There are 2 protein chains.
Amino acid sequence: MKESTTKKLLKERKLRITTVRNEILSIFNDRNYALSFYDLEKELKTKFDTATIYRTINTFVENNIIHQIPLESKTAYYALNSVLEEDENSRKEHIHFLCRICRRTYCLENVIIKDLKINKNFRLESLKIIAEGVCDNCGAIS
Amino acid sequence: MKESTTKKLLKERKLRITTVRNEILSIFNDRNYALSFYDLEKELKTKFDTATIYRTINTFVENNIIHQIPLESKTAYYALNSVLEEDENSRKEHIHFLCRICRRTYCLENVIIKDLKINKNFRLESLKIIAEGVCDNCGAIS
DNA sequence: TTTTATTTTGCAAGTAACTTGCAAATATAA
DNA sequence: TTATATTTGCAAGTTACTTGCAAAATAAAA
Ligand SMILES: [Mn+2]
Ligand SMILES: [Mn+2]
Ligand SMILES: [Zn+2]
Ligand SMILES: [Zn+2]
């Protein structure tokens, strides 16, 4: 991601423009799968403190720049929100695909989620879907 | 749950019959929603050690007696597997419903999961669905 | 451009949610 | 019963994060 793009994004959310924020944003943008703190640390450990990386992740979640993905894993994973969504409420529901071979988690935005018929007396408001299987990359190799 | 039922279940899986195991099994059976370590601790703290409760949870997961539920929450939640399922592979896929009011998580076994059309080149093998909304109990109150 | 106000950062310490090692206690098999 | 294997309690350890505080960086005001 170009630095001008990350700066624009931060300015929109009224966040100060700093090096960690620019760098973390551009790392997220370079990947098409979800990242944990440890993925970020690998690339940033010489430059920034642990607490700073965690605080940046939290700031980004609070400001609707990234979202956490519900997985059974003990460490949290995050991915960029799609750039189209302006505000929190317009955020597009999408599914997460966890590859059982490479363990990467992808956001799939163009899968149509059909309405589920839930037991009566349970009022359904939203759905989170984690699909598991083999990703395009791992399927091609085997 | 009657003690004879819990004993039978443990014997089937070739697990030794102990007091913690009987008690944790019957607590799970008395609830129709998922439990965390802290929920169990509340009822058992005078009787058993922290490590024992954690080890029992892990033993139950390994032996296919309970399952973990993928939530964004930091602490893990577990629920009983349905008694019908004999072995791991026959385990019925079902959805989890998280109530935004009481924060309880329910296993809903009788919701039909329609096949999703995933992006081509992603091979879908299973689905985990977390539905959010208002549960029957909280809906009745309001 | 300097001064000032506000936010962010690094460092160190702290906490929550588990996990592990080991000896004593208990459960099952012999 | 006695022997063997498993489980338990206690204490210590680990992992994944969070917080307090002073120094540094950013942005707004002058
Ligand atoms: Mn996503
Ligand atoms: Mn369930
Ligand atoms: Zn893969
Ligand atoms: Zn409820």
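Proteins get letters first, then strands, A, B, ... in listed order; numbering begins at 1 in each. The shown structure was predicted, so the numbers you read here are calculated from the model rather than taken from an experiment.
The side chain of A:T18 contributes no N or O atom lying less than 4.0 Å from OP1 or OP2 of D:dA25. Neither OP1 nor OP2 of D:dA16 sits under 4.0 Å from any side-chain N or O of A:T75. Between C:dC18 and B:T50, no contact under 4.0 Å exists linking OP1 or OP2 to a side-chain N or O. Taking 4.0 angstrom as the limit, A:Y38 places a side-chain polar atom (N or O) nearer than this to OP1 or OP2 of D:dA16.
Spacing between atom CZ of A:R13 and atom C1' of C:dT8 amounts to 19 Å, rounded to whole angstrom units. B:I57 places its CD1 atom 10 Å from the C1' atom of C:dC18, with the value rounded to the nearest Å. Regarding B:K14, its NZ atom lies at a distance of 14 Å from the C1' atom of C:dT28, rounded to whole Å. Rounded to whole Å, the distance from CG on B:D49 to P on C:dA23 is 17 Å. B:L15 places its CG atom 14 Å from the C1' atom of D:dA5, with the value rounded to the nearest Å. For the pair A:E23 CD and D:dA25 P, the interatomic distance rounds to 15 Å; values are reported in whole Å.
Shown here for A:R103 and A:L98, the closest heavy-atom pair between the two residues is O-CD1, 3.5 Å.
Summarising the geometry, atom CD belonging to B:E132 is positioned 10.0 Å from atom SG belonging to B:C99; distances are rounded to the nearest 0.5 Å. The line from CZ of B:R55 to CZ of B:F48 is 13.5 Å long, rounded to the nearest 0.5 Å.
Residue B:F37 is classed as having no contact, given no heavy-atom separation below 4.0 Å to the nucleic acid. Among the protein residues, B:K47 comes within range of the sugar-phosphate backbone only, with heavy atoms under 4.0 Å from sugar or phosphate atoms but none that close to a base.
You won't find any donor-acceptor pair under 3.5 Å spanning the side chain of B:R55 and the base of D:dT7, going by distance alone. Contact annotation: side chain of A:R16 to base of D:dA25, donor-acceptor pair absent below 3.5 Å.
Residue order along DNA chain D, read from the 5' end via each residue's closest nucleotide, puts B:I53 first among B:K74 and B:I53.
Side chain to side chain, B:D39 and B:S36 meet the donor-acceptor criterion of an N or O pair below 3.5 Å.
Outside the 6.0 Å centre-distance limit, the rings of B:Y78 and B:F60 are not counted as a close aromatic pair.
In the set D:dT8, C:dT9, D:dT19, D:dT19 carries the atom at the smallest distance from any side-chain atom of A:A51.
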